[in-house]
Asker: 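First, the structure itself, so that you have it in front of you.
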There are 2 protein chains.
Amino acid sequence: MGTPQGPGGLPLARVAPRPVLAPPSPRVGEIIAVAREVLEKEGAAALTMRRLGELLGIRAPSLYKHLAGKSQLEVRLVDAALVEVGDLLHGVVDRADAASVLGDLLAAYRAHARAHPNLYRLVTSGPMRRDQLTAGVEDWAGEPFYRATGEPYLAQALWAAAHGTVILELDGRYLPGSDLDRTWAALTAAFSRPVDGA
Amino acid sequence: MGTPQGPGGLPLARVAPRPVLAPPSPRVGEIIAVAREVLEKEGAAALTMRRLGELLGIRAPSLYKHLAGKSQLEVRLVDAALVEVGDLLHGVVDRADAASVLGDLLAAYRAHARAHPNLYRLVTSGPMRRDQLTAGVEDWAGEPFYRATGEPYLAQALWAAAHGTVILELDGRYLPGSDLDRTWAALTAAFSRPVDGA
DNA sequence: CGGATTGGCTAACACTGTTAGCCTCATTTC
DNA sequence: GAAATGAGGCTAACAGTGTTAGCCAATCCG
């Protein structure tokens with residue numbers, strides 16, 4: 001009974017297809033893997049071309065034999081991260097029922113961001129170069145919010161609210177001493193009752 | 001009238017005092033003013049020490065006779081911006097009544113961020129150096145959300161949701177063709193009915 | 001008058017992403 | 001087998017960043 005879809009009964013079924021990323025060459029795959037490790041373990045400031053070269057045993061300029069530049073490397077990381085988070089959230093929605101789907105989704109979103117804070121920041125901060133992203137990857141990552149709400153703009157608002165709540169948490173922007181579980185509970189409650197205005 | 005506070009009737013009265021920023025020396029005030037202009041009109045990437053010096057008629061190293069560094073300059077900008085947005089939002093709440101306060105607050109927050117996107121990003125992105133900020137400035141800027149909701153954690157969730165919704169708008173992260181007025185309407189609606197769970 | 005302080009300057013350092021040009025080695029092609 | 005080609009490394013260098021050190025003129029104050 002994974003995904004019931006009774007009249008008005010969420011969660012909805014999947015619609016967006018899971019995107020397939022263009023498989024990188026072995027060396028490029030290696031570079032991306034190292035880049036992700038550096039980003040996650042050492043932070044965004046450590047993600048430099050020279051640091052990557054160091055870990056790969058080559059000099060920074062040699063990286064340009066494989067990649068057009070640092071921004072392209074970042075796009076690859078974002079691409080993969082969006083597919084991953086989409087997989088995670090779709091799985092959560094698959095396993096949830098109407099009563100708990102919204103809370104489960106928000107909890108999973110928060111947990112994922114806290115487990116990969118630097119990757120999360122890379123994915124969500126700054127303007128997005130859509131043309132460089134693999135097609136459909138944003139739809140894939142965002143659809144779980146639609147499946148959980150049943151209305152596109154409510155889904156967008158929920159995603160945005162979740163993002164705001166978690167990015168402020170990652171950056172330590174709440175007043176010291178705040179019990180963030182209660183903040184998340186308040187957010188969940190706000191979106192948990194039927195909303196007419198759309 | 002201005003701020004009724006009947007039992008359960010929002011908006012609440014002000015509590016946090018309006019912070020007073022330490023007045024900078026004339027030259028420092030000039031630097032801050034130029035910095036803000038560069039940031040707002042030319043973007044964060046143009047906010048460099050050399051660019052500031054250029055506009056002030058001096059060389060970059062001379063700026064260090066007045067400021068400890070770029071990050072301190074940024075803190076000054078954030079300080080002033082937080083007081084400003086606090087003034088704005090408190091004024092909105094002052095003028096609103098219980099029925100419309102939430103919508104008015106969110107609309108004002110959104111409008112202000114869109115009018116000063118680069119300043120908004122500076123204020124809200126990255127970790128905050130609380131020790132450098134003027135005391136009480138965060139409380140001042142955040143209190144309108146408490147006045148509009150009457151519950152601290154709901155206020156935090158509302159602020160976080162507003163931030164998420166507007167920062168994604170500024171960075172153009174919504175799917176192309178989205179009617180963001182509807183997204184904001186959905187957000188407003190979600191927070192507009194009484195919430196028990198806290 | 002004589003220090004002391006203020007506020008400018010140049011030179012330089014360490015770091016960033018990135019380009020140009022060279023060279024070696026493996027592979028493919030005649 | 002020889003020759004050409006391309007992949008993938010290298011060093012040197014450039015323009016840009018924040019920042020420090022050290023020098024120097026002017027101004028202020030006792």
Side-chain angles (χ1 to χ4, degrees), chain A residues 22-79 118-119 121-123 125-129 131-132, chain B residues 22-79 118-119 121-123 125-129 131-132:
Chain A
S25 75
R27 192 60 164 154
V28 171
E30 207 175 348
I31 295 172
I32 295 174
V34 169
R36 172 149 176 180
E37 205 170 313
V38 169
L39 174 64
E40 297 220 44
K41 295 186 180 170
E42 304 178 25
L47 186 60
T48 73
M49 301 303 268
R50 284 171 179 83
R51 175 75 182 130
L52 288 183
E54 187 183 346
L55 291 175
L56 287 159
I58 63 178
R59 299 306 171 87
S62 300
L63 291 168
Y64 290 81
K65 299 289 183 176
H66 304 279
L67 294 158
K70 190 185 178 185
S71 74
Q72 186 185 94
L73 176 58
E74 292 172 336
V75 168
R76 299 293 190 108
L77 291 175
V78 171
D79 241 4
N118 293 314
L119 186 62
R121 281 196 203 91
L122 178 68
V123 170
S125 76
M128 176 86 302
R129 298 159 285 278
D131 45 334
Q132 312 219 38
Chain B
S25 77
R27 193 60 164 152
V28 171
E30 206 174 347
I31 295 173
I32 295 175
V34 170
R36 170 147 176 180
E37 205 171 314
V38 169
L39 174 63
E40 297 221 43
K41 295 185 180 169
E42 304 177 26
L47 187 60
T48 72
M49 303 302 268
R50 286 170 178 84
R51 174 76 182 131
L52 288 182
E54 187 183 347
L55 292 174
L56 287 159
I58 63 179
R59 298 306 172 86
S62 301
L63 292 167
Y64 289 80
K65 298 290 182 176
H66 306 278
L67 295 157
K70 190 185 178 183
S71 73
Q72 186 184 94
L73 176 58
E74 292 171 337
V75 168
R76 300 294 191 107
L77 292 175
V78 171
D79 241 6
N118 293 314
L119 187 61
R121 280 194 203 94
L122 178 68
V123 170
S125 75
M128 176 83 304
R129 299 159 284 278
D131 45 335
Q132 313 219 37

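Numbers restart at 1 for each chain; the letters A, B, ... are given by sequence-line order, proteins then strands. This is a predicted model, so every value here is computed, not measured.
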Asker: Round to a whole Å and report the spacing from CD1 of A:Ile31 to C1' of C:dG17.
Answerer: 15 Å
Asker: Roughly how many Å is it from CD in B:Glu30 to C1' in C:dG7, rounded to a whole number?
Answerer: 13 Å
Asker: CG of B:Leu73 versus P of D:dT17: gap in Å, rounded?
Answerer: 15 Å
Asker: Could you go through residues 56-69 of chain B and list every donor-acceptor pair under 3.5 Å that involves a side-chain atom there, pairing it with any protein atom two or more places apart or in another chain?
Answerer:
none

Asker: From A:Met49 CE over to A:Ile31 CD1, what is the distance, rounded to the nearest 0.5 angstrom?
Answerer: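 Answer for the CE-CD1 pair, A:Met49 versus A:Ile31, is 8.0 Å.
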Asker: Given side-chain contact (heavy atoms from CB on, under 4.5 Å), test A:Asn118 with A:Arg121 step by step and report yes or no.
Answerer: CA-CA 5 Å; A:Asn118 293 314; A:Arg121 281 196 203 91; 3.1 Å; yes
Asker: Rounded to whole Å, please give me the gap between CG in B:Leu52 and C1' in D:dG18.
Answerer: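 B:Leu52 atom CG is separated from D:dG18 atom C1' by 12 Å.
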Asker: Where do N or O atoms of nucleotides 6-13 of chain D meet protein N or O atoms at under 3.5 Å, pair by pair?
Answerer:
residue : atom : partner : partner atom : Å
D:dG9   : OP1  : A:Arg27 : NH2          : 3.3
D:dG9   : OP2  : A:His66 : NE2          : 2.5
D:dG9   : O6   : A:Lys65 : NZ           : 3.0
D:dC10  : OP2  : A:Arg59 : N            : 2.6
D:dC10  : OP2  : A:Ser62 : OG           : 2.9
D:dT11  : OP2  : A:Arg59 : NH1          : 2.9

Asker: Under the side-chain hydrogen bond (donor to acceptor under 3.5 Å, both in side chains) definition, can you give me all pairs with a residue in residues 69-79 of chain B, not counting sequence neighbours?
Answerer: B:Asp79-B:Thr134
Asker: How long is the span from the CD atom in B:Glu40 to the CG atom in B:Leu122, to the nearest 0.5 Å?
Answerer: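 If we round to the nearest 0.5 Å, B:Glu40:CD and B:Leu122:CG are 10.0 Å apart.
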Asker: Measure the distance from CD on A:Glu54 to P on C:dT16 and round it to the nearest whole Å.
Answerer: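 Nearest whole value for this atom pair: 10 Å.
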Asker: For A:Met49 and D:dA15, give me the distance from atom CE to atom P, rounded to whole Å.
Answerer: 20 Å
Asker: Categorize A:Leu67 for me: base, sugar-phosphate, or nothing, with a 4.0 angstrom heavy-atom threshold over every strand shown.
Answerer: nothing
Asker: As an exercise, state the distance from CZ of A:Arg36 to CG of A:Leu77, rounded to the nearest 0.5 Å.
Answerer: 7.5 Å
Asker: Reckon A:Leu47 touches a base, only the sugar-phosphate, or nothing at all at heavy-atom distances under 4.0 Å?
Answerer: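 A:Leu47: backbone/sugar contact only, no base atoms under 4.0 Å.
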Asker: Between atom CG in B:Leu63 and atom P in D:dT17, what is the gap in whole Å?
Answerer: 13 Å
